[in-house]
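One structure is given here, and the rest of the page talks about it.
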Amino acid sequence: ACSAARRWRFVAAVALRDLSAAGVAAAAEVGRSGGIPPLIALLKRGEDSDGLVVACALRHLAAAAENRDLAAHAGAFGPLLELLGREADVSKEVALAAVGAIVYET
């Protein structure tokens with residue numbers, strides 16, 4: 001059951017990443033629908049395989065200005081900065097891009 005729940009959390013994160021990559025309007029809708037806090041909660045769980053997907057989703061979500069503030073207030077920075085210290089180089093780049101995207105005009 002634990003691995004099934006973990007797998008479904010990952011699938012949900014991939015779906016939110018893909019939705020948010022569809023453009024600013026889609027990213028804004030994901031934010032308005034409450035998609036940011038669950039992503040940050042997943043990032044806080046510290047699963048290495050989830051970090052890249054969640055950081056990528058947060059980077060795409062930050063395309064919508066209102067999501068930058070939502071992500072910052074939901075506590076995105078701490079987990080993203082932790083990701084910089086533990087992930088592979090490609091994940092570090094995505095985490096850094098997510099931080100930069102959230103900070104931009106926040």
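Considering every non-hydrogen atom in both A97 and R59, the closest pair reads CB-CD, 3.6 Å. Nearest heavy atom pair, residue A74 against residue K44, reads O-NZ, 4.2 Å. The two residues L80 and A55 make their nearest non-hydrogen contact at CD2-CB, 3.9 Å. A pairwise comparison of heavy atoms in A27 and L61 identifies O-CD2, 3.5 Å as the closest pair.
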Could you please spell out the steps behind the side-chain contact (heavy atoms from CB on, under 4.5 Å) verdict for L43 and L39? CA-CA 6 Å; L43 191 58; L39 286 170; over 6 Å; no
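Within the structure, the side-chain hydrogen bond (donor to acceptor under 3.5 Å, both in side chains) test picks out the following pairs touching residues 19-30 (sequence neighbours left out): E29-R32, E29-S33.
Note that CG of L58 and CD1 of I40 are 5.5 Å apart. Values are rounded to the nearest 0.5 Å. One distance of note links CD1 of I102 with CZ of R68; it measures 10.0 Å at 0.5 Å rounding.
Applying the side chain to side chain contact (heavy atoms under 4.5 Å, CB included) test to L70 and every residue at least two apart in sequence or in another chain returns I36, N67. The side chain to side chain contact (heavy atoms under 4.5 Å, CB included) check on V53 picks up F10, A13, V14, R17, with sequence neighbours excluded.
A heavy-atom distance below 4.5 Å is found between the side chains of R45 and R9. Side chains of R6 and D50 form a contact here, defined as non-hydrogen atoms less than 4.5 Å apart.
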